[in-house]
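The structure appears right after this line, and notes come after that.
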Amino acid sequence: MNASRCFAMLACCHVFAASSMVWAATNDSFTSGGEAFRAGKFTDAAKALREAAARQPASGTLLNLGLAEWRRGRPGAAIQAWERALWIDPHDAGARANLAYARQLTGVESPDLAWYERASTWLPVNAWAWIAGASLWLAVAMAVLPGVFRWRRAGWQQALAALSFAVFLLSLPAHAGVVTRTRIGFALKKDTPLRLTPTAESEAIVKLNAGQPLRAMRMRGDYIFVRTAHGHGWVERSQFGSLCRD
Amino acid sequence: MMKQGPVLSAAVVDSSSSSIGLTELQSSSRTILLLLSCWLLGGESVSHAQPNSPPPGVLMQLMQSQLPVDVNSPVVAKAEFDPPFVSVGRKAVYRVTLNALEASVRFVGHIPVPPGLKMTHGARGQIMPISEGMMRPQTALNFHVRAEAPGFFAVPAFTVEVYGKPVTVPGASLEVTPRPSEDEAEPRQLVLSPVRTNVFLGELVRVRVLAAGSASNAVDFLTQLQFNGDGFLDGKTIYRQQIETITRAGRAQPAWMIESSVTPLAAGPQPLTAQAFTAGLHFTGPVVLQGQIRTLGNPQRHVLLDSEPVMINVQPLPPDGNARGFTGFVGKLSVDRPLLSTNSLAVGELLTLRVTFRSEQSFARFTPPAPPRVAAWQVFPPTPTEPAASSEPGLPHAVAYAYTLIPNDDVERTPAIPFCYFDPEKAAYVDATIPALEVRVRGAALAAEERPGQSFGTETPGRRRLVLSNPAAAPGPQVTTLWPYQLQSWFWLAQLVPASVIAGLWYWDRRRRFLDAHPAIVRCRQARRALRRERRALRRAVLSGDAPGFVRRAVAALQIAAAPHFPAAPRALVCGEVLSLFDAREQGGRTGEVIRQFFARELAMEYSARPEQAMPLFGLRPELERILTTMEARL
């Protein structure tokens with residue numbers, strides 16, 4: 001008994017220490033990135049903030065990363081970072097303002113979202129998962145537990161079950177929106193060729209602006225078949241900046 | 001390319017038979033000739049390509065507007081020696097003339113050259129004079145003749161094939177005197193004099209062609225001048241034509257002079273000849289007349305003249321080495337400072353860079369430098385444009401090209417365009433790279449200059465001003481990964497926890513309700529549990545030698561095992577009730593006896609004044625265990 005208790009305590013300490021180290025490293029990268037940004041060393045700032053975002057994606061880190069990339073003259077990477085910041089925190093006013101600024105300056109449009117995708121932007125993507133899970137099991141519990149525990153049937157229990165189930169049903173379109181939004185990406189470089197076939201020698205249908213929104217349909221080798229406002233075609237995987245996948 | 005002399009057949013000197021064999025022309029093409037030809041023709045096509053060809057209807061109209069060509073008149077052949085008499089060793093021209101298209105004339109045999117006469121092929125050409133509303137073709141073939149001995153030489157009549165039909169060429173005679181006479185005439189021929197005979201490959205060579213007047217100082221104009229030679233490209237450009245006075249055989253004589261150019265295409269000694277038809281008083285283009293000129297008013301007579309070959313030594317170009325941007329221009333060249341359409345533009349906007357080249361020679365086959373490939377610029381191939389006004393004297397020829405550039409990124413200078421040419425005077429490549437020019441590119445650069453917090457655009461009522469935000473002071477909301485939870489497997493596995501809890505509760509409730517409806521099951525289960533407990537106590541009593549405890553536990557075990565069948569509290573059961581669970585045979589047998597003994601002993605212990613100390617019932621333990629096992633199985 002004592003041995004298992006000690007093992008559990010050691011495991012907890014290990015997890016806590018590892019989390020603390022990750023948090024400390026992330027915080028260091030965020031701080032150094034901010035200092036480099038203020039010093040005008042945008043390349044260093046972008047590097048540090050990219051490391052911090054890779055360790056622990058955070059809306060503030062991605063906001064600053066976007067600013068650094070913008071100052072480096074890489075609007076595609078900046079737009080991707082700000083979109084990621086909104087992916088984590090859709091109420092981040094800074095990222096939203098920066099996106100509007102960048103898109104007006106560069107002339108690229110926002111991603112074309114369906115109604116359920118637009119609904120999924122009301123809350124952080126993971127909030128929908130928790131809301132759906134909690135509401136579903138709350139509804140089930142409210143339907144099952146009074147009978148199990150032989151509570152007296154009460155109106156509030158049924159109302160709570162109905163409300164929870166309604167919340168669950170209402171969250172389903174947002175769930176679908178989150179899933180389909182994972183296919184969204186952005187052209188990272190200017191004049192990214194949208195090719196007819198997934199080969200380097202293929203004819204370029206059109207050249208995409210940096211930050212142009214794309215929607216991945218399928219992959220083949222080093223190329224991704226994407227849908228854009230200008231049509232369908234293949235782009236190189238290295239030139240496709242996914243919204244949520246590195 | 002320039003035409004060769006006799007194309008259909010050529011006269012070859014055969015010293016043994018002194019006859020001319022008619023053989024196919026052997027063209028000795030060399031690799032460098034082909035390459036340079038490709039460059040020259042390609043350059044011409046680049047710089048002077050006409051993108052649109054006339055539609056077929058227009059071509060038909062043009063063809064119909066041309067005068068008809070006379071191919072139906074009877075073909076008449078003439079042959080003559082020019083001059084008809086020469087001294088030994090002097091040259092004469094044996095000239096055959098036919099009123100037919102050159103392509104239709106085919107020699108079917110050898111020209112019967114008399115012994116003692118050496119004949120080599122000369123020029124061959126066609127002219128289309130207009131007469132009586134028709135173009136009447138005239139083909140002439142020149143053969144150069146030298147006599148080895150005095151005498152009277154007659155070339156007999158022979159037959160050629162014209163339009164597929166035999167045509168007889170009449171005979172002609174040449175009188176050869178042993179020594180030159182004062183009235184001996186020179187054959188009419190051209191004098192070819194290049195400005196330079198030691199040139200580089202690809203260098204434009206100015207050539208003067210002179211046609212001396214007749215003995216009576218009458219001058220014939222020339223037409224259809226062409227140069228013959230494997231290693232040369234005919235410039236087809238007449239720089240100057242004039243009548244000038246030359247000194248020939250000790251006396252001044254007027255001569256028709258044409259200045260043109262050729263371009264050597266092959267290295268090494270290259271023979272060059274010229275040929276032209278006399279045109280009487282017909283000429284095209286400006287003509288400079290100097291001094292006293294006498295022209296004949298006779299009907300024009302088209303005589304094919306040619307020249308003696310001139311050997312031009314063509315040196316190959318040295319290896320270009322580090323020379324970047326060499327496009328094949330050989331000569332003297334000057335590049336004006338390039339002009340930009342603007343020096344301030346946004347990313348993605350067009351910028352035009354105009355470059356003017358000047359030279360003393362024609363740019364007919366000039367190839368402009370190729371657009372460079374640089375990361376920050378998109379440079380399109382140049383297009384010809386109007387050259388700027390000349391700023392340098394002595395360089396009359398100019399050509400200009402416009403390069404269209406589009407900046408892709410934040411840049412401050414246009415890309416330099418590598419270019420060089422070969423200067424034959426210096427015998428070296430001269431770097432004439434078009435320099436980079438400073439520009440200001442808005443867009444990415446301008447955006448990069450925007451400080452966070454600065455605004456973009458104008459603020460109008462109802463329209464929010466767009467600003468770049470300040471950097472975040474803290475990382476803010478965090479996630480472990482950008483990939484959404486609902487697409488991660490652990491999320492769905494985590495949903496099993498509440499599902500399992502609720503399912504377990506439901507099952508527990510269902511079981512509980514079942515047991516409530518079936519209390520016998522509960523009693524049996526409780527009895528089994530209590531029986532197992534009592535049997536453990538029995539074993540402990542045996543081990544400890546506790547005889548009273550052993551008896552009490554044994555009776556309690558029997559009561560517990562029997563209780564669910566009645567149902568009643570175990571302690572309320574008596575021996576008879578326990579025995580009633582067995583059939584009559586067992587009740588009368590050993591089983592009943594053992595049970596009765598335990599109950600009797602337990603009663604004796606409970607109510608006797610003198611408790612029994614012996615332990616005879618320990619020996620009944622195996623039978624008791626068997627009975628309890630049997631009763632447990634019935635629960």
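Residue numbering restarts at 1 for every chain, and letters A, B, ... go by the order of the sequence lines.
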Which portion of Ala473(B) sits near chain A, non-hydrogen atoms under 4.5 angstrom: backbone
Crowding at CD, Glu109(A) (>12 non-hydrogen neighbours, <6.0 Å): yes
Residue from Asp92(A), Asn98(A), Asn64(A) passing side chain to side chain contact (heavy atoms under 4.5 Å, CB included) with Ser469(B): Asn98(A)
Structural part of Leu487(B) lying under 4.5 Å from a heavy atom of chain A: side chain
Chain A contact via Tyr485(B) - side chain, backbone, both or neither, heavy atoms under 4.5 Å: both
Residue part contacting chain B, namely of Trp87(A), when any heavy atom lies under 4.5 Å: side chain
Phe491(B) atom CZ, over 12 foreign heavy atoms within 6.0 Å: yes
Whether over 12 other heavy atoms sit under 6.0 Å from Lys189(A) NZ: no
Top of Asn126(A), Asp191(A), Asp89(A), Asn209(A) for chain B proximity - count of heavy-atom pairs under 4.5 angstrom: Asn126(A)
Val144(A) portion near chain B, given a 4.5 angstrom heavy-atom threshold: side chain
Partner chain B: residue of Val178(A), Leu145(A), Leu136(A), Leu99(A) with the largest heavy-atom pair count (under 4.5 Å): Val178(A)
Residues Arg150(A), Asp509(B); criterion side chain to side chain contact (heavy atoms under 4.5 Å, CB included); working and verdict: CA-CA 9 Å; Arg150(A) 298 182 182 179; Asp509(B) 179 57; 4.2 Å; yes
Partner chain B: residue of Ala58(A), Pro124(A), Ala141(A) with the largest heavy-atom pair count (under 4.5 Å): Ala58(A)
Most chain B-contacting option - heavy-atom pairs closer than 4.5 Å, from Pro57(A), Ala93(A), Ser59(A), Ala129(A): Pro57(A)
Residues, nucleotides or ligands: over 12 heavy atoms within 6.0 Å of Tyr507(B) OH: no
Aromatic plane relationship, Phe149(A) with Trp508(B) - under 30° parallel, 30 to 60° tilted, over 60° perpendicular: tilted
Over 12 non-hydrogen atoms of neighbours within 6.0 angstrom of CZ in Arg103(A): yes
Side-chain heavy atoms of Pro484(B) within contact of Val179(A), under 4.5 Å: no
Region of Leu49(A) in contact with chain B, defined by heavy-atom distances below 4.5 Å: neither
Nearest atoms (heavy-atom pairs only) where Phe30(A) meets Pro475(B): CZ-N, 3.7 Å
Distance-minimising heavy-atom pair for Arg512(B) and Val148(A): NH2-O, 2.7 Å
Gap separating the CG atom of Leu468(B) from the CZ atom of Arg71(A), nearest 0.5 angstrom: 8.0 Å
Gap separating the CZ atom of Arg55(A) from the OG1 atom of Thr480(B), nearest 0.5 angstrom: 15.5 Å
